[in-house]
Every structure is written in structure tokens, then in C-alpha cells.
> 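To start, I am sharing the structure in question, which I have written as C-alpha cells.
Just so we're clear, the structure is a prediction, and the values are computed from it rather than from any experiment. Here is how names work: the chains are called A, B, and so on, in the same order as the sequence lines, proteins then strands, and each is numbered from 1. Note: hydrogens, waters and symmetry copies are ignored here, and every other heavy atom, side chains too, is used.
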Number of protein chains: 2
Amino acid sequence: MYVKIDFSSDEAFYIQLRNQIIYGIATSKIQEGDNLPSVRELAENIGINMHTVNKAYAILKQEGYIKLDRRKGAVIAIDMNKLQAIEEMKENLRVIFAKAICKNISCEEAHKIVDQIFDEFERG
Amino acid sequence: MYVKIDFSSDEAFYIQLRNQIIYGIATSKIQEGDNLPSVRELAENIGINMHTVNKAYAILKQEGYIKLDRRKGAVIAIDMNKLQAIEEMKENLRVIFAKAICKNISCEEAHKIVDQIFDEFERG
DNA sequence: GTACTGTTATATTATATATATAACAGATAT
DNA sequence: ATATCTGTTATATATATAATATAACAGTAC
């Protein structure tokens, strides 16, 4: 599970880090029960501050992707509240597909792209 | 075309405003050639600062949703660069569907939700 | 001229981001 | 017991972004 931060990106480090860990779970590079590096170790590896990693972990915990174990540290543990996850997904998709409609992207084209992305993740 | 800002939201005012104008275009409440209210007028109506509205307009212009006419002010004018729009859409969808896969939402379920959202916009 | 556009400049306040140093409580191994 | 590892909390600082305020500018229109 390699993590790379784009220091020239306008996206906050802790958001980039959170997304990459979510990508790791989606592509099965890390899975339920696996433990993440400690905040200090990961911060050292990436070259960012410990508190920035800690913020990413805190958000992943709050969003239901990890749990924190005093012994093992941060452990992948998906909170499977599908209804809630679907509602949040819908809200995010509305903005994206509103843009798509403005740019004349059809529902069929959107479906093709959805398949493409799911394929990407399933192939790792 | 009514615009409402959620003052308690953690989303920036100018982002909320931009999104609502995009929703307006996607639902055909406003269309190609229509002009938006002036920055001062809209700011007054919503109860926010002129510069915040101006920022939203500047972004909408940069993203290819409006053009600025010295005479008419801001006018809806979609820049139809589909390839670019599709690439941007893909990038945004990756994060959302990575989350979906973590939360055990299937590709089929995603497709259903896509249809739902496109329906919402087409019905207005 | 007067009134309307978006735009720019300058300044201020508040919040978010990222860093740094330090300490704490619980777990673990030596 | 001591040392070492967890996440967590506290405090402080620097920087960037967001939102506001007041003011002016260059076109356009009546």
C-alpha cells in the first residue's frame, strides 16, 4: 500500500491521504482487519506532519472506514451502513451529473463511464 | 431561478452558488442565452457580499458555463468541450465509487442511482 | 451626465490548513 | 519497572482561503 502526496495539488494533504486509503480498500490492496501504519511512521514516510496524518485517520474513522485499537493502532473496519452510504453518494453524484447534463453528456455515456471505473477498481 | 444559500453549511458560499446555477442549467430553469442577475443584485437578494457572487461567476466562466457581456452582464453560454468534461467527470467519479465499493454498493446499484438522478434533472 | 455592467485594488476579519513541540493514557515487550 | 509503541490532546505559529467592506475603473446604454 503505497501512498503518494501531490505537494503541488490544491487539494489538502489530509484529503489526498484519505482518498488514497479509500482507493486502497476499493482495490483490495488493504482489507478488513489490516492495520495502517502509525501516524508517526506514515508521516515520516510521506514527509508530512504527524497531525496531518492524524486528521486523515480521524476522518476515516468518522466516515466508517477504520477503527482505532489501542494495541494495533488504526485497523481497517468498514461500517456497513449502506443506506447512509447511498444517500451520501447520491448527494455527491447530483453535482457531478448536473455538470454532465450541461455539457451534453448523456445518461448512456454516464453508464459507460461508471462501468469503466468499476472495472478499474476490480482489476486493482 | 431561485437561489438559496445554506449559511450553516461547511461548503463555501461561492461553491454553493456555482452549484445551484449549474443545477438551474441542468434542469432547464435557465438556458443558453439567458442572463444571470448582476453580481450586485444577486448579492443583495441572497444577503451576501458582491465579491462572493463575483467569485462564483468568475469560476462559472472559467469552467465554461457562462460568458460575460459588457452590455448584458453574465449570460449562460456553455463551452461544449465534451472530452474535457468527461475527463473531469471521471476523476470526480473515481473517489465517489471507490467509497461505494468499500461500502459494498454494487455496480448495478450504482447504475440505478445514476438513472434516478438523470430522471430528477430531466423532470426539472 | 447618470446608471448600469464586470473587474480590480486594498484592507480587515475569521476560518482552515500545515507545521512544531510537548505531554498524556493505555498497551506491550523486555 | 523501564522503555517503547499506540492514538489523542494541548498550545503555538505561519500561511492560505473565505467573506466582508469601501472604493474606484472601463466599458455600455439611455
> OP1 or OP2 of C:dT7 versus the side-chain N and O atoms of B:N54: is any pair under 4.0 Å?
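Yes.
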> Are any of A:T52's side-chain N or O atoms less than 4.0 Å away from OP1 or OP2 of C:dT17?
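Negative; the distance criterion is not met.
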> Less than 4.0 angstrom from a charged side-chain N to a carboxylate O is my criterion; do A:E63 and A:R18 meet it?
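Salt bridge present between A:E63 and A:R18.
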> Say whether, by atom type as modelled, one donor and one acceptor occur between the side chain of A:K82 and the main chain of B:N104 under 3.5 angstrom.
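Side chain of A:K82 to backbone of B:N104, a donor-acceptor pair under 3.5 Å: yes, one is there.
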> In this structure, how many angstroms lie between the C1' atom of C:dA16 and the CZ atom of A:F13, rounded?
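To the nearest whole Å, that distance equals 13 Å.
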> Quick one, B:Q31 and B:I25 - any side-chain contact, counting heavy atoms below 4.5 Å?
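Not touching, per the 4.5 Å side-chain cut-off.
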> Could you state the atom-to-atom distance from CD of A:E11 to P of C:dA18 in whole Å?
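Between P of C:dA18 and CD of A:E11: 10 Å.
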> Mark yes or no for whether B:K103, through its side chain, and A:L83, through its backbone, hold a donor-acceptor pair below 3.5 Å.
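No, B:K103 side chain to A:L83 backbone: no donor-acceptor pair under 3.5 Å.
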> Check each residue of residues 59-68 of chain B for a non-hydrogen atom within less than 4.0 Å of any atom in DNA chain C, then write out the ones that pass by number, or none.
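Nucleic-acid contacts, sorted: B:K61, B:L68.
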> Compare all side-chain heavy atoms of A:V75 with those of A:L68 and state whether any distance is below 4.5 angstrom.
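A:V75 vs A:L68: side chains apart.
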> Whether A:K99 engages the ring of B:Y65 as a cation-pi pair (distance to the six-membered ring centre under 6.0 angstrom, angle to the ring normal within 45°) should be assessed.
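No; the conditions do not both hold, so A:K99 does not lie above the ring face of B:Y65.
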> Let me know the distance between CD1 of A:I46 and C1' of C:dT19, rounded to the nearest Å.
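Atom CD1 in A:I46 sits about 15 Å away from atom C1' in C:dT19.
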> Quick one: does B:H51 reach the base of C:dT7 with a side-chain donor-acceptor pair under 3.5 Å?
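Checked by distance alone, the answer is no.
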> Can you tell whether the side chains of A:K112 and A:E109 come within less than 4.0 Å, N to carboxylate O?
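No, this pair does not count.
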> When the nearest nucleotide of DNA chain D is assigned to A:Y57 and to B:A12 on a heavy-atom basis, which residue is associated with the more 5' position?
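The residue whose closest nucleotide sits nearer the 5' end is A:Y57.
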> Contact class for B:A58 (heavy atom, under 4.0 Å): base, sugar-phosphate, or nothing?
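Result for B:A58 = nothing.
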> Given atom CE of A:M50 and atom P of C:dA23, what is their separation to the nearest angstrom?
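Rounding to the nearest Å, CE of A:M50 and P of C:dA23 are 14 Å apart.
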> Under 4.0 Å between a side-chain N or O of A:N49 and OP1 or OP2 of C:dA20?
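Answer yes for this pair, as a side-chain N or O of A:N49 is under 4.0 Å from OP1 or OP2.
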> Does a side-chain N or O of B:Y14 approach OP1 or OP2 of D:dA18 to a distance below 4.0 Å, or not?
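So the side-chain polar atoms of B:Y14 do come within 4.0 Å of the phosphate oxygens OP1 or OP2 of D:dA18, strictly under.
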> D:dA21 C1' sits how many Å from B:I48 CD1, rounded?
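Going from B:I48 (CD1) to D:dA21 (C1'), I get 14 Å.
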> For DNA chain D, determine which residues of residues 33-44 of chain B have any heavy atom closer than 4.0 angstrom to one of its atoms, and list them numerically.
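DNA chain D contact set from residues 33-44 of chain B: B:R40.
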> Does a nitrogen or oxygen in the side chain of A:K55 sit under 4.0 Å from OP1 or OP2 of C:dA18?
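It does not, given that no N or O in the side chain of A:K55 lies less than 4.0 Å from OP1 or OP2 of C:dA18.
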> Is the shortest heavy-atom distance from the side chain of B:I101 to the side chain of B:I105 under 4.5 Å?
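A side-chain contact under 4.5 Å is absent here.
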> Go nucleotide by nucleotide along DNA chain D from the 5' end; which of B:D69 and B:G47 gets its closest nucleotide reached first?
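Per heavy-atom nearest nucleotide, the more 5' residue is B:G47.
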> Within the 4.5 Å heavy-atom criterion, are B:V53 and B:Y14 side-chain neighbours or not?
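The answer is no, as the side chains (C-beta and beyond) never meet within the 4.5 Å cut-off.
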